[in-house]
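Predicted, not measured: the structure shown is a model, and the values here were computed from it.
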Amino acid sequence: MDKAHLRNVAIIAHVDHGKTTLVDEMLKQAGVFHEHQEVAERVMDSGDLERERGITILAKNTAVRYGDYKINIVDTPGHADFGGEVERILKMVNGVILLVDAAEGPMPQTRFVLSRALELGHRVILVLNKIDRPDQRIHEVVDEVLELLMDLGCTDEQLDSPTLFCSGRNGTASYSPDVAGTDLKPLFDTIIDYIPAPEGDENAPFQMLVSSIDYNEFVGRIAIGRIERGTIKANGEIAVCNYHEPEKSRRSKAVNLYQFEGLQRVAVQEASAGNIIAMSGIGDITIGDTICSPEAVEPIEFVKISAPTMEMTFSVNDSPFAGREGKFVTSRQLRERLHRETLKDVSLRVTDMENATDSFNVAGRGEMSLSILIETMRREGYEFQVSPPRVLFQEIDGKRCEPVERVVVDVPSEYIGAVIEKLGARKGEFVEMLPVGSRTRATFFVPERGLFGYRNEFLTDTKGEGIMSSVFERYEPYKGEVSRRGTGSLVAWETGEAVTYGLFNAQERGQLFIGPGTPVYAGMVVGQSPKNEDIPVNVCRRKQLTNMRAAGSDEALRLTPPRQMSLEQCMEFLADDELLEVTPKNLRIRKRILDHSQRMKALKGHK
């Protein structure tokens, strides 16, 4: 296709502002689906975890035809932990659609992705989404976005970006907030008029930067990127090189070429400059590599992905129940799987631990990205255990520095006092506060350590009505000790099966996590103690049978329902001396040292 009729655009926004829903409507109105075809909601979120959680985890490509034009659209994740996906995708496009919720306004991730797009000099189309919300604040949000653009040092042209008013769910767009739209035609027209066509000489030697990787069992790894210049033919000879290792280059062959049409990949024999294509046949290709003509081996500079800010230790499960439920349990299988993940996720880093053959340090962007990895591995049949998350410190100018997050909370006004108090205790620095109707929005700079275990507390303090989002801001000097958890654990005393009689006596000591019939082992955490110390409980204790009978001795025992913990809640609950045992069927919290007497000796040795 002629370059002048091509447009490459990415949709960027904060989590839950409606990117994937808008792409759904764009696909429908561009005629990608048949008239009577059944289409799943949020069709771009194809992964099971994406559907369950209602978030986009991996950036995905699609393409629509509008008149004589082909528009390549990239749907990106909105969660800050997957910012690595967004950063590299922006190299593939010529412009971005910035989506902002008409009620919430710009949020931390809006700021992050917009700053990256402006750095690359991309043109921006501002789209206010969800204008049909009853609590929309269209005019205030437009002003907030313009303030954000000026704050990020945009050019005059970027400040004069076109603004559209959309309802992604209804599939309408208009140029004015007072005139209701009928379809997305204004959005398509603005993309074609305002986003520039890709540049690049079709007759120059071939060159393409790999911005994304897909994997297929039949053809292996698939490289996805935009052709910077030249033309490539199927089965053509190519060279693979990398900007950071310019002396290394290797020959290969582009076995298959694909272009995106709707949700499909269509095999093509030839592709030229400006197109976004997928290419298979190169064995160990990775993100950031440059594929070029063997006659002109010139690597393209790759945007340096922001370094991870926190890590967890993944190790082989060594609990008494090890190997009962998992399919892959050895250190070799665990190492292989973790290293395979780094090929797809550029912001993840895996290193072997010193003096330990069965443990690996996995560093990532945040708790969400690591919990997604844990859940994915668990569903694949892996069994392992993980440590509590910890932040990665850096030495800057001889000072020990730690990562600080920009946290924005949006809560009913009556609860803002409790939030300020709690974040203050966690070394948070108050920045600004803004009333929004009956709610209050406040911004803080909080050390990442201070946010571990806070989300549950935050939801309790705001009666479930609070919204909290955070994004990495910068490294600052170490701010001192932050208490991680104010409560202790109820720890099982012996191995066996939990029975009602034992649980009835244990529930007076705190809140239980297990019910009767649950297999337990000595050193396993079975509940939460309100005191700041661990309490051993015997949940396997049975009632001694005697031949004596007394009125009331055999009353029915009533148990309080146990607290069911999700993976994220388990990760937040972990104390420094605890581990989370992850199997395909269960999540169990346990002490690092299972034996009670050894644990007491170690505790006294630390004091």
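Classification of the Y66-F188 ring pair by plane angle, with boundaries at 30° and 60°, yields parallel. Aromatic ring pairs are classed by plane angle as parallel below 30°, tilted from 30° to 60° and perpendicular above 60°; the pair Y454 and F458 is tilted.
For the pair D183 (side chain) and K185 (backbone), a donor-acceptor distance under 3.5 Å is present. No donor-acceptor pair closer than 3.5 Å links the side chain of N129 to the backbone N or O of L99. Counting only distance, with no hydrogens or angles, the side chain of N72 and the backbone of A63 share no donor-acceptor pair below 3.5 Å. The closest donor-acceptor contact from the side chain of S161 to the backbone of V124 lies under 3.5 Å. The closest donor-acceptor contact from the side chain of E405 to the backbone of V407 lies at 3.5 Å or more, if one exists at all.
With rounding to the nearest 0.5 angstrom, the CG atom of L159 is 11.5 Å from the CG atom of L152. Interatomic distance, L114 CG to C154 SG, rounded to the nearest 0.5 Å: 8.0 Å. Taking CG of L184 as the reference point, atom CD of E25 lies at 6.5 Å (rounded to 0.5 Å). The distance from atom CG of L580 to atom CE of M312, rounded to the nearest 0.5 Å, is 7.0 Å. K479 contributes atom NZ, which lies 5.5 Å from atom CD of E429 (distance to the nearest 0.5 angstrom). Atoms CZ and CG, from R169 and D132 in turn, are 7.5 Å apart once rounded to the nearest 0.5 Å.
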What pairs of donor and acceptor atoms, side-chain ones from residues 171-181 against any protein atom, are under 3.5 angstrom apart with sequence neighbours left out?
residue: S174; atom: OG; partner: S176; partner atom: O; Å: 2.8
residue: S174; atom: OG; partner: V179; partner atom: O; Å: 2.9
residue: S176; atom: OG; partner: D178; partner atom: N; Å: 3.2

Donor-acceptor pairs under 3.5 Å, side chain of residues 436-445 to any protein atom, not counting sequence neighbours: which ones?
residue: R439; atom: NE; partner: D410; partner atom: OD1; Å: 2.9
residue: R439; atom: NH2; partner: D410; partner atom: O; Å: 2.8
residue: R439; atom: NH2; partner: E465; partner atom: O; Å: 2.8
residue: T440; atom: OG1; partner: S413; partner atom: OG; Å: 2.9
residue: R441; atom: NH1; partner: E104; partner atom: O; Å: 2.7
residue: R441; atom: NH2; partner: E104; partner atom: O; Å: 2.2

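In plain terms, the two heavy atoms of V141 and A102 that are nearest each other are CG2-O, 3.4 Å. Here the shortest heavy-atom pairing between E367 and E572 reads OE2-CG, 3.9 Å. Contact detail for R509 and P530: the closest heavy-atom pair is O-CD, 3.2 Å. Nearest approach of M565 to C570, heavy atoms of both residues: CB-SG, 3.7 Å. Across every non-hydrogen atom of N586 and R378, the tightest pair is N-NH2, 3.9 Å. The two residues A506 and L512 make their nearest non-hydrogen contact at CB-CD2, 4.2 Å.
For R474, the CZ atom sits in a packed shell: over 12 heavy atoms of surrounding residues, nucleotides or ligands are nearer than 6.0 Å.
For the pair R123 and Y194, the cation-pi criterion (under 6.0 Å, within 45° of the ring axis) is fulfilled.
The existence of a salt bridge linking K427 and E402 is excluded, since no basic side-chain nitrogen approaches an acidic carboxylate oxygen closer than 4.0 Å. Using a 4.0 Å cut-off between charged side-chain N and carboxylate O, D101 and R133 make a salt bridge.
Donor-acceptor pairing under 3.5 Å is recorded for the side chains of R590 and Q385.
With sequence neighbours excluded, no residue forms a salt bridge (Lys or Arg N to Asp or Glu O under 4.0 Å) with K531.
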Item to complete: Before giving the answer on side-chain contact (heavy atoms from CB on, under 4.5 Å), spell out for V386 and F314 the whole-Å C-alpha distance, their side-chain angles and the decisive distance to 0.1 Å.
Response: CA-CA 5 Å; V386 296; F314 284 54; 4.0 Å; yes

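Here the side chains of T313 and R390 are in contact, with some heavy-atom distance below 4.5 Å.
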